[in-house]
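Residue numbers start at 1 and run along the sequence shown.
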Amino acid sequence: MTDQSNPKDPARIERMAADADLQAKAREVFLQSCRYKYSYNFSWLGRPMIQYPEDILVMQEIVWRVKPNLIVETGIAHGGSLIFYASLL
């Protein structure tokens, strides 16, 4: 039985990281999505943000773990990620 309070399995993550076929397919999906500007399809609290949903989720996890007092956002396009980070603090 797995520990439901910590669903991250380091061994599974290592196997995925070592899977060359998975890496190649993930890269292909990423490159194909760039052709369609996939990252331009998302917003936060009504403001456009140029981010992949997976990146948004990971950044939220990092902010939750680190609990910074300040986040510096550079290269702001439409303000969505700025509002996203502000809402996490």
In a table with atom names and distances, give each donor-acceptor pair under 3.5 Å that connects a side chain of residues 47-56 to protein atoms at least two apart or in another chain.
residue	atom	partner	partner atom	Å
R47	NE	H78	O	3.1
R47	NH2	H78	O	2.6
Y52	OH	S33	OG	2.8

Contacts table for residues 66-75: side-chain donor-acceptor under 3.5 angstrom, sequence neighbours left out:
residue	atom	partner	partner atom	Å
K67	NZ	W64	O	2.6
E73	OE2	S81	OG	3.1

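Hydrophobic clustering of Ile, Leu, Val, Met, Phe, Trp and Tyr side chains at less than 4.5 Å, counting indirect connections, keeps Y40 apart from M59. Clustering ILVMFWY residues whenever any of their side-chain heavy atoms sit less than 4.5 angstrom apart, transitively, puts I83 in a cluster other than the one holding L57. Cluster membership check: W44 shares its hydrophobic cluster with L89, using side-chain heavy-atom separations under 4.5 Å among Ile, Leu, Val, Met, Phe, Trp and Tyr.
With sequence neighbours excluded, the residues that form a side chain to side chain contact (heavy atoms under 4.5 Å, CB included) with R35 are Q32. A18 meets the side chain to side chain contact (heavy atoms under 4.5 Å, CB included) test with no other residue; sequence neighbours excluded. Residues passing the side chain to side chain contact (heavy atoms under 4.5 Å, CB included) test with N41, sequence neighbours excluded: Y38.
Within the model, atoms CD1 of I62 and CG of L88 stand 11.0 Å from one another, a figure rounded to the nearest 0.5 Å. Distance check: L82 CG to I76 CD1 gives 4.5 Å after rounding to the nearest 0.5 Å.
Minimum heavy-atom separation, S87 to F84: OG-O, 2.7 Å.
Sorted by first and then second residue, the salt bridge (charged side-chain N to carboxylate O under 4.0 Å, His left out) pairs with a member in residues 17-27 read D21-K25; sequence neighbours excluded.
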